Amino acid sequence: MTLASSPDLSKESEPLQPKGWLRYFSFSVDHKVIGLQYLICGFIFYLIGGALASAIRIELTSPISDFMPRDVYNQVLTLHGTIMIFLWIVPVVNGAFGNYLIPFYVGARDMAFPRLNAVAFWLIPPAGLMLISSYFITGAAESGWTAYPPLSINTPAAGQIIWILSVLLLGGSSIFGGINFIATILKLRRPGLGLMQLPMYCWAMLGTSILVVLSTPVLAGTLILLSFDIVAHTGFFNPVMGGNVIVYQHLFWFYSHPAVYIMVLPAFGLVSEILPVHCRKPLFGYTTMVYSIMAIVVLGLVVWAHHMFTSGTPPWMRLFFTIATSFIAVPTGIKFFNWVATLWGGRISLNSAILFSCGFIINFVLGGITGVALAQVPFDIHVHDTYFVVAHFHYIVYGGSVFVIFSSIYHWYPKFTGRMLNENLGRLHFLLTFVGFNLCFAPQHWLGLNGMPRRVAEYDPQFTFVNQLSSAGALLMAISTLPFLWNVFQSAFNGPIAGDNPWKALTPEWLTSSPPPVENWEGPAPLVKEPYGYGETPETLEVALDKDLELGGDEK
Amino acid sequence: MPLSSAIRSVLLGIVLVVAGLWIGQNIKLLPVDASTNAPVYDELFRVLFSIGAILFLGITGLVVFSLIKFRRKPGDTSDGIALEGNLSLEILWTAIPAIVVLFVGIYSYDIYDRMGGMLPLDHGGHNHQNMASEERIWGGISSGSIEKSGMVVNAPLPVEVTAMQFAFIFHYPKGDITSGELHVPTGQPISMRLESRDVIHAFWVPEFRLKQDVIPGQPTILSFTATKPGRYPIICAELCGPYHGGMRSAVIVDSPKAYEEWFKNNAKTPVSEL
């Protein structure tokens, strides 16, 4: 390990922050504080979004609309979608782990723009509060998180406008974050550290941030036009005024399909960090992993119209978007095969982090398979806007991203707090989440294929039993939060002391104290050229390697 | 030892493929197929399900196997293999998915074509007529405007569909019948003109495997041919307001004779003029 001196970045801003736990309520510019602010803030919104999901599942235990008024139901599903996407998954997989880890990974003392970073975080709580309080004050938006006009123009204006304002603020926060990540990864790398030596999460965040910076402004522009239609009675998207409702869908999905990758690419990166440590093996196929991330970024920008196959799109467009969407399966598939190859022949600790990561692989493969099916126009025409789609995207964003968030919390909690989590409670949490999740969402595929549309409060009575099954799964998911919360709270005070590097990991965030000092390392930043340099040397392997010939054999 | 391992992998692969195909062919997840397009759709579904089952069982099997086989034994502090990659293996699992995806794309294009989705749209009426004479199935969606289609005699049965919050209204220009439910005979192509009065709705009949958004300001033509008599739900699939879940109707598919009966009983214009 070579040492190098680093520029002193944050000396002047240090006295501005309070000490101790008060830091987390301050306008701190420390990337670690900001990362945890994102994480905890996101988790609070996750609990709120989860409560809304529970309300939806309670309503759907009976085929008639009986639990809440119909317009409230639409507000609830709109808030559920918006909160889970914009206030939980996007800020946590990007903002929380990105801010905490990226400066470590590039060998920097902080992000490139620390104050912009703090601004980006502090946009989130007011936006979230505004969105949620709109429910109590004016009535929340009730046109779904997609806010398709003319419905979004016809529904009560106050809630819709507040929804637009909060999404604009959250989008702004996301763009600030994206610019900051790109600058940090490309410009703040420690001398001597090459791009192809960066941990995989840096590549994932670089790709994601490119998507954020390219596509989020389009959403912002679209929503501003939509707000003009609502308050100033312009006619961009209003057919009564000669506007075109399909144009809105194109613009909306130009952001909102990449948004899916904004939610899953960082998750891919996090899994790539977690698996090698707990398998004691190098990440398999580093170079192909990097290229597949970049391929997903490029392809992710040209597939948006697959959300619009029933909107009257012309055949050539349907054909193009079918092919483009299907081909995303290739780079994504490479990543999954590489992860399985990383598991293969390892010394896998069956701890909570690895269980959630493997749960992610299994869930995401199922979500990916239904995704390729949905990309096929003739297939999509039947199941579009049904519970099949609901099941599909929950397999991607919950079974994928949220499982990875939990895995990451189990993995990095010792670094955040200096204490270990209780593994048995963690495994219980995994079991409840995995069973509950699959019980909740797997049956919804069948519901969609057989005629249950999404976003309904009432349905054909023949679907009652399967819906109750799904609700039972949701109940398990709600219960699964309890051991997790208990674990996190009591371990913060009573957990065993973790030490600097409990997992014996090689990535730079572990080569310092837990929790790390304000400037990340006492002394110069370490130069880690092989972040995944685990594993026995080939000589010692001859003995151990006995049945893993499939992988070893081809090479020679 | 290498040989036996390779043979074992190939055998496992074959078992997996056979199992996937078997599952795909025997799974029954879809409602009854009541239009000419539905069996075509179900064929695609079976193929996709087979491929999906093979992939899912394969990867899940590998993950579970790895977790059991390569789990750390108590007291073991050694590392795994220092294996950073394997070019031929990585090329293999880039190429195979690429080929599978290409196959799926071409195959679904063929399915789409068989459903009539690739017919050119810009000469609405003309193709509309050709479609009937060539007996092509039109399960796709034409966004061609109805104005261009002009007068069509002896063509598919035209029906005008108006969607509004929260109902569908069906109007038969021949006979000037207005109905809250759609009546169609078996074996006769139906050509619907869909229009919305307020927000976006969607016309969905699961048993026909057919869905089309009904878009305000953009009349849309949608054609289908029902095959099995029965009563099937028409469901609005696009969030359209508080009563979205209640926006349902039914399509009653009759034998041509029964349909004729219904038509005569309801037609406002004298039957002789038809």
Side-chain angles (χ1 to χ4, degrees), chain A residues 70-71 144 148 150-151 154 239 279-282 284-285 288 310-312 314-315 323 326-327 329-330 333-334 337 340 343-350 358 361-362 365-366 369 373 376-379 381-382 384-385 446 449-451 453 455-458 534-536 541 549-550 553-555, chain B residues 2 5 9 29-31 41 44 48 52 55-56 59-60 62-63 66-67 70-72 76 78-82 84-86 88-90 93-94 97-98 101 104-105 108 111-112 115 117-118 121 141 143 199-200 202 206 209 211-213 215-217 220 235 237-239 242-246:
Chain A
R70 289 178 170 83
D71 54 337
Y148 275 10
L151 184 64
N154 295 353
C279 298
R280 311 309 303 169
K281 272 191 70 196
F284 193 91
T288 44
T310 67
S311 304
I323 300 290
S326 308
F327 264 94
V330 178
I334 293 172
F337 289 122
V340 173
L343 290 174
W344 191 270
R347 298 283 178 276
I348 307 171
S349 313
L350 290 181
C358 291
I361 295 179
I362 290 169
V365 164
L366 184 53
I369 289 167
Q376 313 307 317
V377 177
F379 184 89
I381 284 177
H382 174 47
H384 178 75
D385 264 331
W446 182 85
L449 287 169
N450 282 277
R455 294 168 164 176
V456 291
E458 51 214 301
Y534 309 100
E536 307 281 340
L541 267 181
L549 301 144
E550 230 184 311
D554 280 12
E555 212 168 16
Chain B
S5 157
S9 317
L29 288 176
L30 287 158
Y41 179 94
L44 172 69
L48 290 176
L55 266 171
F56 181 73
I59 294 192
T60 307
L62 277 174
V63 169
S66 301
L67 285 182
F70 302 116
R71 72 182 186 282
R72 176 187 298 283
D76 182 1
S78 64
D79 271 14
I81 329 161
E84 291 185 351
N86 180 327
S88 42
L89 209 55
E90 285 167 64
W93 64 49
T94 310
V101 161
V104 168
S108 86
I111 292 280
Y112 187 51
M115 288 178 166
M118 290 311 291
L121 298 171
I141 287 84
S143 53
V199 300
I200 305 174
R209 316 283 190 269
K211 185 183 292 110
Q212 168 61 39
D213 287 2
I215 302 158
T220 308
I235 301 162
E238 183 70 55
L239 179 64
Y243 289 83
H244 167 51

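All chains are named by letter (A, B, ...) in the order of the sequence lines, taking the proteins before the strands, and each is independently numbered beginning at 1. Keep in mind that this is a model prediction, so the values were computed, not measured.
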Next item on the list: Select, from Ser326(A), Pro282(A), Pro239(A), the one with the greatest count of heavy-atom pairs under 4.5 Å involving chain B.
Entry: Pro282(A)
Check: Hey, is the main chain of Thr310(A) close enough, under 3.5 Å, to the side chain of Gln212(B) for a donor-acceptor pair?
Finding: yes
Note to self: With a 4.5 angstrom heavy-atom cut-off, is it the side chain or the backbone of Leu151(A) that approaches chain B, or both, or neither?
What the structure shows: both
Margin query: For Ile348(A), which atoms come within 4.5 Å of any heavy atom of chain B: side chain, backbone, both, or neither?
Written below: both
Notebook entry, point to check: Would Leu30(B) and Arg209(B) satisfy side-chain contact (heavy atoms from CB on, under 4.5 Å), going step by step from the backbone distance to the final call?
Noted result: CA-CA 10 Å; Leu30(B) 287 158; Arg209(B) 316 283 190 269; 3.7 Å; yes
Margin query: To the nearest 0.5 Å, what is the distance between CH2 on Trp344(A) and SG on Cys279(A)?
Written below: 13.0 Å
Margin query: What I want to check is whether the side chains of Thr288(A) and Glu90(B) have a donor and an acceptor closer together than 3.5 Å.
Written below: yes
Next item on the list: Please report the closest heavy-atom contact between Phe284(A) and Leu89(B), naming both atoms and the distance.
Entry: CZ-CD2, 4.3 Å
Note to self: Counting only non-hydrogen atoms closer than 4.5 Å, does Tyr148(A) touch chain B with its backbone (N, CA, C, O), its side chain (CB onward), both, or neither?
What the structure shows: side chain
Next item on the list: Using only heavy-atom distances, determine whether the side chains of Arg347(A) and Ser78(B) contain a donor-acceptor pair under 3.5 Å.
Entry: yes
Notebook entry, point to check: For Leu239(B), is it the side chain, the backbone, both, or neither that has a heavy atom closer than 4.5 Å to a heavy atom of chain A?
Noted result: both
Check: What part of Ile235(B) is in contact with chain A, defined as an atom under 4.5 angstrom from a non-hydrogen atom: side chain, backbone, both or neither?
Finding: side chain
Notebook entry, point to check: So what's closer than 4.5 Å to chain A heavy atoms on Leu48(B): side chain, backbone, both or neither?
Noted result: side chain
Next item on the list: Check each atom of Phe56(B) against the heavy atoms of chain A and say whether the ones under 4.5 Å are side chain, backbone, both or neither.
Entry: both
Checklist line | Contacting region of Ile215(B) [heavy-atom separation from chain A under 4.5 Å] | finding: side chain
Check: Of the listed residues (Val365(A), Val340(A), Ile362(A)), which shares the most heavy-atom pairs with chain B below a 4.5 Å separation?
Finding: Ile362(A)
Notebook entry, point to check: Taking Pro97(B), Pro31(B), Gly105(B), Gly217(B) one by one, which has the highest count of heavy-atom pairs under 4.5 Å against chain A?
Noted result: Pro31(B)
Note to self: Between Glu84(B) and Lys281(A) (salt bridge meaning N to carboxylate O under 4.0 Å), is one present in this structure?
What the structure shows: no
Notebook entry, point to check: Do you know which two heavy atoms are closest between Ala237(B) and Asp385(A), and how far apart they sit?
Noted result: O-CB, 3.1 Å
Check: So what's closer than 4.5 Å to chain B heavy atoms on Leu449(A): side chain, backbone, both or neither?
Finding: both
Check: Among Leu350(A), Asn154(A), Asp71(A), who wins on heavy-atom pairs under 4.5 Å with chain B?
Finding: Leu350(A)
Next item on the list: Output yes when a side-chain donor or acceptor of Asn450(A) lies under 3.5 Å from a complementary backbone atom of Trp446(A), and no otherwise.
Entry: yes
